[in-house]
Amino acid sequence: MPLHDHGTPPAATLPHAEDLFLHAAGQRLAATRIDASDGAPPDVVHLHGFGTTASRHAVRYLLDDLAGHGHSSLTFEFSGNGESTGELEKTTLRQRRNESLAAARLLAEDRRPVLIGTSMGAHLAAWTVPDLRPRALALFCPAAYPDSEADVRFGQERARPGPYADSPAFAGIREFDGDLLVVAGDHDQVVPGSVIDAYLAHSVKARSRRLIRLDCDHFIHRWLPDRVERRREVLGALRALVTDSLR
């Protein structure tokens with residue numbers, strides 16, 4: 001008899017999902033809304049990282065679980081990635097910040113949102129804190145970039161992630177007063193451990209903070225879905241973050 005992994009719903013109970021497009025600064029961004037059974041509008045949005053293969057689908061294992069526990073969400077692809085229009089080499093961090101704000105306008109208006117960010121998406125999530133006032137942040141292998149990178153095109157030579165004192169991500173997270181979850185890889189070859197330390201050090205107003213360290217590299221969403229126990233731990237922590245932050 002096969003064993004059921006209770007960390008992920010079986011295929012027969014996967015939540016309803018609808019593909020759609022949103023528009024920002026002349027670009028058409030491919031998105032997917034994952035619906036909870038009560039049909040409530042999404043209050044969670046995911047911001048993916050940098051790279052030609054980055055997509056809105058990598059975190060469905062997280063968002064499907066949240067939908068199964070009453071939280072609808074939105075995941076989308078920035079311009080230049082996946083099914084969205086635009087050229088990756090011509091986009092910038094500031095453009096992606098504006099696209100993040102456009103996506104957030106599709107979220108529920110009666111509650112503060114939850115932002116889930118991966119790598120560069122975590123930098124963007126923290127940067128948008130003053131605008132979106134999220135009630136919770138979940139940052140996976142979060143990168144951080146200096147202020148001077150905001151308008152540098154991705155096709156140009158760019159700074160690597162680091163604990164830059166002037167990073168807009170750190171400025172944003174210093175204003176964050178909600179619940180924070182950071183999930184980091186012990187063998188991250190892209191983001192130095194000092195960046196993780198800096199996020200935690202700058203989150204001085206956070207109501208709560210939790211750090212989960214995993215025995216993985218930077219590409220956490222490739223590694224985690226197949227590790228049953230660690231996935232269950234992360235899913236439980238994310239579920240608690242989203243739910244408890246409503247208190």
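Quick note: numbers below take in every heavy atom, side chains included, and nothing from hydrogens, waters or symmetry partners.
- Annotation: side chain of I173 is in contact with side chain of L137 (closest heavy-atom distance under 4.5 Å).
- In this structure, P134 and R112 approach most closely via the heavy-atom pair O-NH2, 3.1 Å.
- By the 6.0 Å and 45° rule, R33 does not stack over the aromatic ring of F76.
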Apply side-chain contact (heavy atoms from CB on, under 4.5 Å) to R230 and L224, showing your working. CA-CA 7 Å; R230 299 316 306 268; L224 186 56; 3.9 Å; yes
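- Both V190 and L211 belong to a single network of hydrophobic side chains, linked directly or stepwise wherever heavy atoms of I, L, V, M, F, W or Y lie under 4.5 Å apart.
- Rounding to the nearest 0.5 Å places OG1 of T52 at 9.0 Å from CD of E89.
- Side-chain atoms of H23 and R28 form no donor-acceptor pair, as typed in the model, at a separation below 3.5 Å.
- For the residue pair G185 and C141, the shortest heavy atom distance occurs at N-SG, 3.8 Å.
- At distances below 3.5 Å, not a single donor-acceptor pair connects side-chain atoms of D166 with backbone N or O atoms of P146.
- Heavy-atom neighbours of E109 CD from other residues, nucleotides or ligands within 6.0 Å: at or below the threshold of 12.
- At a cut-off of 3.5 Å, with distance as the only test, a side-chain donor of S79 or Q95 sits close to an acceptor on the other residue.
- By the 4.0 Å N-to-carboxylate-O rule, K205 lies too far from D177 to be salt-bridged with it.
- With hydrogens and angles disregarded, no donor-acceptor distance shorter than 3.5 Å links the side chain of E99 to the backbone of A24.
- No donor-acceptor distance shorter than 3.5 angstrom exists from the side chain of R174 to the backbone of H202, with no hydrogens or angles considered.
- Checked for salt-bridge contact, D179 and R209 miss the test: no charged N lies under 4.0 Å from a carboxylate O.
- You'll find the side chain of I212 reaches within 4.5 Å of the side chain of E233, heavy atoms only.
- No side-chain donor-acceptor contact under 3.5 Å links S119 to the backbone of A143.
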Show your reasoning for whether side-chain contact (heavy atoms from CB on, under 4.5 Å) applies to Y199 and H123. CA-CA 10 Å; Y199 268 102; H123 172 92; 4.1 Å; yes
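- By the ring-ring contact (aromatic ring centres under 6.0 Å, His included) test, F140 is found to be paired with H221, residues two or more places apart in sequence or in another chain being considered.
- Counting heavy atoms from C-beta outward, E18 and T32 have side chains that stay 4.5 Å or more apart.
- Side-chain atoms of P15 and I34, non-hydrogen and from C-beta on, do get closer than 4.5 Å to each other.
- For the atom pair D43 CG and R111 CZ, the distance stands at 5.0 Å (nearest 0.5 Å).
- Y61 and L47 end up in different hydrophobic clusters when Ile, Leu, Val, Met, Phe, Trp and Tyr side chains are linked at under 4.5 Å.
- Once rounded to the nearest 0.5 Å, the distance linking OG1 of T75 with CD1 of I116 reads 9.0 Å.
- In this structure, CG on L241 lies 10.0 Å from NE2 on H71, to the nearest 0.5 angstrom.
- Considering OG1 of T92 and CZ of R158, their distance stands at 9.5 Å, rounded to 0.5 Å.
- At a threshold of 4.5 Å between non-hydrogen side-chain atoms, the residues W223 and L214 count as touching.
- Note that CG of L107 is 8.0 Å distant from CG of L132, once rounded to the nearest 0.5 Å.
- Of the possible polar contacts, one joining the S203 side chain to the L200 backbone as a donor-acceptor pair under 3.5 Å is found.
- Remark: R133 CZ is loosely packed, at most 12 non-hydrogen atoms of other residues, nucleotides or ligands lying under 6.0 Å away.
- Using a 4.5 Å heavy-atom threshold, the side chains of V195 and Y164 count as separate.
- Comment: D65 does not engage R60 in a salt bridge, judged by the lack of any side-chain N to carboxylate O separation of less than 4.0 angstrom.
- In this structure, I196 is a member of the same hydrophobic cluster as F176, with clusters built from ILVMFWY side-chain heavy atoms closer than 4.5 Å.
- Closest non-hydrogen pair, G70 versus A36, comes out as C-CB, 3.6 Å.
- The residues E83 and R56 are annotated as salt-bridged, a charged nitrogen and a carboxylate oxygen being separated by less than 4.0 angstrom.
- Across all non-hydrogen atoms, the minimal contact from L238 to A138 is CD1-CB, 3.7 Å.
- Hydrophobic clustering (ILVMFWY, side-chain heavy atoms < 4.5 Å, transitive): V183 and F219 are in distinct clusters.
- A salt bridge is absent between R227 and D215; no separation between the charged side-chain nitrogens and carboxylate oxygens falls under 4.0 Å.
- Looking at P161 and Y145, their side chains come closer than 4.5 Å, going by heavy atoms from C-beta outward.
- Side-chain atoms of R97 do not come within 3.5 Å of backbone N or O of L124 as any donor-acceptor pair.
- Not a single donor-acceptor pair under 3.5 Å links the side chain of T243 to the backbone N or O of A240.
- Between the side chain of S84 and the main chain of A30, a donor-acceptor pair closer than 3.5 Å is present.
- Distance alone, capped at 3.5 Å, is enough to place a donor-acceptor pair between the Q156 side chain and the R153 backbone.
- The side-chain heavy atoms of H48 and H46, taken from C-beta on, include a pair separated by under 4.5 Å.
- Across all non-hydrogen atoms, the minimal contact from L88 to F154 is O-CB, 3.3 Å.
- The two residues G172 and V129 make their nearest non-hydrogen contact at O-CG1, 3.4 Å.
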Is there a side-chain contact (heavy atoms from CB on, under 4.5 Å) between L180 and R210? Walk through the geometry before answering. CA-CA 6 Å; L180 174 65; R210 179 176 179 182; over 6 Å; no
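- No donor-acceptor contact under 3.5 angstrom links the side chains of H187 and D217, judged on distance only.
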Applying side-chain contact (heavy atoms from CB on, under 4.5 Å) to L139 and T118, what does each step give before you reach the verdict? CA-CA 6 Å; L139 309 180; T118 299; over 6 Å; no
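- No continuous path of hydrophobic side-chain contacts links I220 to M120 [ILVMFWY only; heavy atoms under 4.5 Å].
- With respect to the salt-bridge test (charged N to carboxylate O, under 4.0 angstrom), the residues D244 and R207 do not qualify.
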